[in-house]
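Notes follow the structure.
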Amino acid sequence: MGKIISIINQKGGVGKTTTAVNLAAELADKGHKTLLIDEDAQGNSTSGLSKDVKFGKDLYDVLLDDADAKEAAVKTAVKKLWLLPSSIDLAGAEIEIAGLPEREFLLRKKLAAIKDSYDYILIDCPPSLGLLTLNALVASDSIIIPIQAEFYALEGLSQLVKTVQVVSRKLNPSLHILGILLTMFDGRTNLSLQVAEEVKKYFGSKVFRTVIPRTVKLSEAPSFGEPILTYAPKSKGAEAYKKLSWEVVRRD
């Protein structure tokens, strides 16, 4: 049975989508059949894997129009990697979901039918703790929390951890934190080193050994609709996500 992992942080700009896209690509490159679900209405994971591609169905149709998740998923240019795209329609989805029965379980029910078809399903969550993120938590086996190596890195994390604990206790007993990932890391600065120390003090062994560096190539790749794996395979960013994928597989 496949593993479902949500990439989550209610703060924006922490490398969440970069991690979702590039970790999914690396897992697929290692031979694991992988599906990336873009749950963010901004659609950055979608455009980061499919420049200028038009889609028939998307996650909104799956959640609210009863579309089939497997049929909505599209093959990407990376072997063994599929994408369930987002659309701007998701921006209003939380209002529509709010009045539905068992609203927290919509995504879980949809993924139950396809979970066995993939080794890994990654969910790129929106930067909030709303109903879409709650659906992702209820559907997931575990979560990865990217944390930017900057001053306010730990701000709001206690609320996120508390939300995960509540979901685990009341809605999804198997949910756990797979790991904390330091992103946009610059080992030449005292600030990055201090943040890393604080994060390790707070989360201990949950912190991944791999850190994601701040690099130009990682910033450029989405504009070409490619993961770093294909855009700059020998770059520091590509090497970092390759190492992260090994850690994820070992921890799984």
Side-chain angles (χ1 to χ4, degrees), residues 1-10 16-17 19-21 23-24 27-28 32-46 57-74 81-87 89-91 93-146 160-179 181 248 251-252:
M1 183 176 288
K3 295 292 184 181
I4 303 178
I5 304 172
S6 280
I7 318 295
I8 178 174
N9 192 325
Q10 74 268 38
K16 181 174 55 61
T17 294
T19 294
V21 167
L23 176 58
L27 288 170
H32 303 288
K33 190 176 179 183
T34 303
L35 172 66
L36 175 59
I37 299 175
D38 189 352
E39 206 187 37
D40 190 347
Q42 296 176 75
N44 291 331
S45 279
T46 300
K57 301 287 184 180
D58 56 53
L59 182 59
Y60 176 89
D61 300 308
V62 171
L63 289 175
L64 291 159
D65 281 347
D66 210 30
D68 182 87
K70 195 161 190 178
E71 290 179 6
V74 295
L81 178 59
W82 278 257
L83 170 70
L84 181 49
S86 170
S87 74
D89 292 334
L90 274 178
E94 297 212 351
I95 297 172
E96 297 180 61
I97 289 172
L100 298 177
E102 297 190 311
R103 58 189 185 179
E104 302 92 346
F105 295 89
L106 286 178
L107 184 59
R108 180 160 150 180
K109 289 175 181 177
K110 291 292 183 176
L111 296 186
I114 65 169
K115 191 174 182 181
D116 290 348
S117 300
Y118 300 94
D119 299 312
Y120 287 96
I121 297 175
L122 270 56
I123 305 173
D124 181 16
C125 296
S128 71
L129 292 178
L131 273 173
L132 285 173
T133 298
L134 180 58
N135 264 265
L137 291 175
V138 172
S140 296
D141 299 296
S142 62
I143 65 169
I144 292 173
I145 305 174
L160 173 56
V161 171
K162 191 179 296 183
T163 299
V164 172
Q165 290 171 342
V166 170
V167 171
S168 177
R169 190 167 65 249
K170 296 187 175 182
L171 299 170
N172 181 8
S174 67
L175 183 67
H176 63 280
I177 297 174
L178 185 66
L181 177 67
V248 168
R251 290 191 182 198
D252 181 26

### Intermediate values then yes/no, side chain to side chain contact (heavy atoms under 4.5 Å, CB included), Leu59 and Asp38
CA-CA 7 Å; Leu59 182 59; Asp38 189 352; over 6 Å; no
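- Of the inter-residue distances, the one linking Leu27 atom CG with Lys33 atom NZ reads 15.0 Å to the nearest 0.5 angstrom.
- Shortest non-hydrogen contact noted between Leu83 and Ser45 is CD1-O, 4.5 Å.
- Using a 4.5 Å cut-off on side-chain heavy atoms (C-beta onward), Leu84 and Leu35 make contact.
- Heavy atoms only, all atoms of each residue included: Thr34 and Tyr118 are closest at C-CD2, 3.9 Å.
- Contact record, Ser174 with Ser140: OG-O, 4.3 Å, taken as the closest heavy-atom pair.
- Ile97 CD1 to Leu63 CG: the interatomic distance, rounded to the nearest 0.5 Å, is 5.5 Å.
- Closest non-hydrogen pair, Ile8 versus Pro146, comes out as O-CD, 3.4 Å.
- Val164 places none of its side-chain heavy atoms less than 4.5 Å from the side chain of Ile145.
- For the side chain to side chain contact (heavy atoms under 4.5 Å, CB included) with Leu134, the lone residue among Leu171, Thr163, Leu129 that qualifies is Leu171.
- Between the CD1 atom of Ile121 and the CH2 atom of Trp82 there is a distance of 12.0 Å, given to the nearest 0.5 Å.
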#### Entry: Residue pair Ile5, Leu23: steps toward the side chain to side chain contact (heavy atoms under 4.5 Å, CB included) verdict
CA-CA 11 Å; Ile5 304 172; Leu23 176 58; 5.8 Å; no
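- Residue Lys57 qualifies as open at atom NZ: its count of foreign heavy atoms under 6.0 Å is 12 or below.
- With values rounded to the nearest 0.5 angstrom, Ile144 atom CD1 is found 11.5 Å from Ile177 atom CD1.
- How far NZ of Lys16 is from CG of Asn9: 8.5 Å, rounded to the nearest 0.5 Å.
- Lys162 NZ: 12 or fewer foreign heavy atoms inside a 6.0 Å radius.
- Contact between Glu39 and Ala136 at its shortest, heavy atoms only, is OE1-CB, 3.5 Å.
- How far CD of Glu96 is from CZ of Arg103: 14.0 Å, rounded to the nearest 0.5 Å.
- For the pair Leu175/Gln165, no side-chain contact is recorded, criterion being any heavy-atom separation below 4.5 Å from C-beta on.
- Thr17 and Asn44 share no donor-acceptor pair across their side chains, judged by distance under 3.5 Å alone.
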### Task
Applying side chain to side chain contact (heavy atoms under 4.5 Å, CB included), run through Asn135 and Leu132 and close with a yes or a no.
CA-CA 5 Å; Asn135 264 265; Leu132 285 173; 5.6 Å; no
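- Within the 4.5 Å cutoff, the side chain of Leu64 has no heavy atoms near those of the Asp89 side chain.
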### Task
Go through the steps to decide whether Lys3 and Leu178 satisfy the test side chain to side chain contact (heavy atoms under 4.5 Å, CB included), and finish with yes or no.
CA-CA 11 Å; Lys3 295 292 184 181; Leu178 185 66; over 6 Å; no
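- Closest approach of Pro127 and Asp40 over heavy atoms only: CD-OD2, 3.5 Å.
- In this structure the side chain of Asn172 never reaches within 4.5 angstrom of the side chain of Leu137, judged on heavy atoms.
- Side-chain contact between Asp58 and Thr46 is absent, with no heavy-atom pair separated by less than 4.5 Å.
- In this structure, Thr133 and Gln10 have side chains that are not in contact, with every pair of non-hydrogen atoms separated by 4.5 Å or more.
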